[in-house]
Number of protein chains: 4
Amino acid sequence: MPKIGMEPLRRSSLIDAAIQEVGRVGSLDVTVSQIAKRAGVSSALAHHYFGSKDQILLSALRHILTLYAVEVRRELAAVRQPDQRLGAIIRASFASPNFEPAIITAWLNFYVQARKSPEAARLLAIYQRRLRSNLLVGLHPLLGDDAPTVADGLAALIDGLYIRQVTAPGAPNPQTACAIAQAYLTASLKAAA
Amino acid sequence: MPKIGMEPLRRSSLIDAAIQEVGRVGSLDVTVSQIAKRAGVSSALAHHYFGSKDQILLSALRHILTLYAVEVRRELAAVRQPDQRLGAIIRASFASPNFEPAIITAWLNFYVQARKSPEAARLLAIYQRRLRSNLLVGLHPLLGDDAPTVADGLAALIDGLYIRQVTAPGAPNPQTACAIAQAYLTASLKAAA
Amino acid sequence: MPKIGMEPLRRSSLIDAAIQEVGRVGSLDVTVSQIAKRAGVSSALAHHYFGSKDQILLSALRHILTLYAVEVRRELAAVRQPDQRLGAIIRASFASPNFEPAIITAWLNFYVQARKSPEAARLLAIYQRRLRSNLLVGLHPLLGDDAPTVADGLAALIDGLYIRQVTAPGAPNPQTACAIAQAYLTASLKAAA
Amino acid sequence: MPKIGMEPLRRSSLIDAAIQEVGRVGSLDVTVSQIAKRAGVSSALAHHYFGSKDQILLSALRHILTLYAVEVRRELAAVRQPDQRLGAIIRASFASPNFEPAIITAWLNFYVQARKSPEAARLLAIYQRRLRSNLLVGLHPLLGDDAPTVADGLAALIDGLYIRQVTAPGAPNPQTACAIAQAYLTASLKAAA
DNA sequence: AATGAATGAGGATTCATTCAT
DNA sequence: GATGAATGAATCCTCATTCAT
């Protein structure tokens, strides 16, 4: 068993396991043992690699944010025209890897964790700033001074549609959710014109 | 000391204390002792009145939902014209008692709790249905078959604006948040026309 | 069982149990459970009253130092002539309550603990200062400037005789140990004359 | 890498590391990893060479006792007259290699370990017997039947002066400590005369 | 009605030790 | 010879909950 170079594999599978467990249990009240067992290792090993439960959860948060960032980058890379950037960002937010219930549940819980852990708060703030900035880049040429307000609205709408996937029974499916956000954008632009 | 009719007072102050503690700590990881201490009683008494910690938290959730329902009713009662119902509902969602950070934080945490506790899920589902139904009553005359989609969007936007108060640094203030939601409504109606 | 006013009784029996366990095991590697079990309570209760294992051990240290101080005071109170003070102090150091193996072992371990815990170091320093000061009060009229050196020697001799009770097989018994210390004093005075 | 004859070097550096760590931490609560890291090897290697943590500590104890024995032999070898043997033994006890804080702290802790480990107790007993015997050889010609008592006193005084280096703030420096022990000897002889 | 006393169950964390390479 | 990988067995500590008064 003990091969060399196990660390990255273990870290990765523990992070995955943490996200899945948070998704399964529905809260951050998961034990290190549960996470470790799902990853197929002992809880001692989890501590060996991460130092503490908090670090495991923080790494999981970082991973989730990375997944999201990857999706955004992928969608933006495919864009040819500047005015399609906004659509790309919206699509990224509803793309499948980020939109699984476990991931959404984890995300929801990390909103909570950010109220306790400064480091989690810092990471989420980075995400928030980046999203806002991305939206503004797309909105400013079209709306001028009205851009910030629409950006705030769009960000809130995306957030709301996102977490309602797991908090509101009968929430719209991903495609519909995406369409609602796109419609918000279209309507806001039309209203401003 | 043993006064008559202490029970409702005790229950009420314990519920308030629970909400404040959840708001202060930022998560449901509050101990019964913390809640009891804030309410000025022993933790044994908290159990005496509520039976368990879960029941305390559920009662707090019920209380929060009631506060919201009261606000909605108050706003709707002031409405004269049917087409002003939607504005009333939106206003209610951003009215001050519901919009304090402690309450929002508690609300956010109850979204989490609903993933673990069927009873909490049931209560939240009632709230979601009522909100949706209220919105549909106002939207249907104006939008026909498009009403459900706009209702979903509006509900999501309200939710998003709400939780971003505590999860997004630099989120719009209550008035602006309310204005954004109203603008969404206006724009959606205009776009449909 | 649950009567009122249990706290002082529990604290006292836990402290006794801690000293006995340290004496039995021979080191500070005693578990809170062992201490609690000997005191006839749960380990949770030990934590309830003391907050942490360190606090239990520190309280035990305080108790030991108090026992010693009591003995010194008792012997000094019985003294009529100033020049008998030194003999009283020496006697106190070898008096029976302080001279049980468990107590000596605990004392030895607290010397160790003082190298880790500032609070333990502080308490031991107080004991050292008080002993030195007591010795100097008696020695100064007799030896003048030579008093400090003899005081240091006497303190060291007492310490050495004390811990050798548990570290040197075949160490002199309490009476002999006491006589050795008294002889040291006599010889030092004679040598100075 | 695999060099021939690494074993004695590894063992030696691990023993040194163990003593230094015990001195640094102040107790035997040092981990094998800490010791191994200080010695620049993996903890697995430490086990490979010593078998267990206890064996590492026992070897360190043996090493300390050897250092002391070497010092005694050196001082005795330099002695010309039988009546100078006692002075030589006293000097050896306060000679620099044995008198570093880390060594003294380790020594103090080994007194503790002897209460748990029979093997440690055995080693310390050998040291105690040898010291006593050495002292008696020098004292008997001078004191006859009084020799054992003075030997016990001198041994206790040396022990006391020794450990007070690390347990009593403001303890006499090595030279003064040595002088105190010599003075004890002189005074005892004079008193007996 | 109210509480101090008490505990069982459980969780994070540490660490000596083993093993495959 | 040397080590990274891995774990079982503790141990401290917390907390919801119960109970006698």
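Here is how names work: the chains are called A, B, and so on, in the same order as the sequence lines, proteins then strands, and each is numbered from 1.
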Both Ala44(B) and Ala46(A) contact DNA chain F. Which one's nearest nucleotide lies toward the 5' end? Ala46(A)

Can you tell me the distance, in whole Å, between the CD1 atom of Ile4(C) and the P atom of dA6(E)? 11 Å

Go through the steps to decide whether His48(D) and Arg10(D) satisfy the test side-chain contact (heavy atoms from CB on, under 4.5 Å), and finish with yes or no. CA-CA 11 Å; His48(D) 178 65; Arg10(D) 295 299 195 200; over 6 Å; no

Rounded to whole Å, CE of Met6(C) lies from C1' of dT21(F) at a distance of 12 Å

Atom-to-atom span, CG of Leu57(B) to P of dT17(F) - whole angstrom: 10 Å

Is Tyr49(D) touching bases, backbone alone, or none of the nucleic acid, heavy atoms closer than 4.0 Å? sugar-phosphate

If the cut-off is 4.0 Å, is His48(B) near the phosphate of dA1(E), judged by side-chain N/O to OP1 or OP2? yes

What is the separation between atom CD1 on Ile56(B) and atom P on dC15(F), rounded to the nearest whole Å? 14 Å

Given the rule that a pair is Watson-Crick or G-U wobble with both distances under 3.5 Å, how would you write DNA chain F in dot-bracket, using | for pairs to a different strand? .||||||||||||||||||||

Quick test of your reading of the model: are Arg62(A) and Glu119(A) salt-bridged, counting only N-O distances below 4.0 Å? yes

Might you point out which heavy atoms bring Gly5(C) and Leu9(C) nearest each other, and give the distance in Å? O-CD1, 3.6 Å

Length of the line joining Leu45(C):CG and dT17(F):C1', which is rounded to integer Å: 15 Å

Ignoring hydrogens, what is the shortest heavy-atom contact between Ala46(B) and Val32(B)? Give both atom names and the distance. CB-CG1, 4.0 Å

Take Val41(B) and Gly40(C), find for each the nucleotide of DNA chain E with the closest heavy atom, and name the residue whose nucleotide sits nearer the 5' end. Val41(B)

When Val32(B) and Ser43(D) are each assigned the nearest nucleotide of DNA chain F, the 5'-most assignment goes to Ser43(D)

Determine whether a donor-acceptor pair (N or O, by modelled atom type, separation under 3.5 Å) exists between the side chain of Ser12(D) and the backbone of Pro8(D). no

What is the distance, to the nearest angstrom, from the NE2 atom on His47(A) to the P atom on dG4(F)? 21 Å

What is the distance, to the nearest angstrom, from the CZ atom on Phe50(D) to the C1' atom on dT18(E)? 18 Å

Looking only at heavy atoms, which two atoms of Ala114(A) and Leu124(A) are closest? And how far apart? CB-CD1, 3.3 Å

Arg10(D) side chain N/O closer than 4.0 Å to the phosphate oxygens (OP1, OP2) of dA2(F)? yes

Asp29(A) CG to dG11(E) P, straight-line distance once rounded to whole Å: 10 Å

Show the nearest heavy-atom pair for residues Gly26(B) and Thr105(B), with the distance to one decimal. CA-CG2, 3.8 Å

Sugar-phosphate, base or nothing in reach of Thr31(D), heavy atoms under 4.0 Å: sugar-phosphate

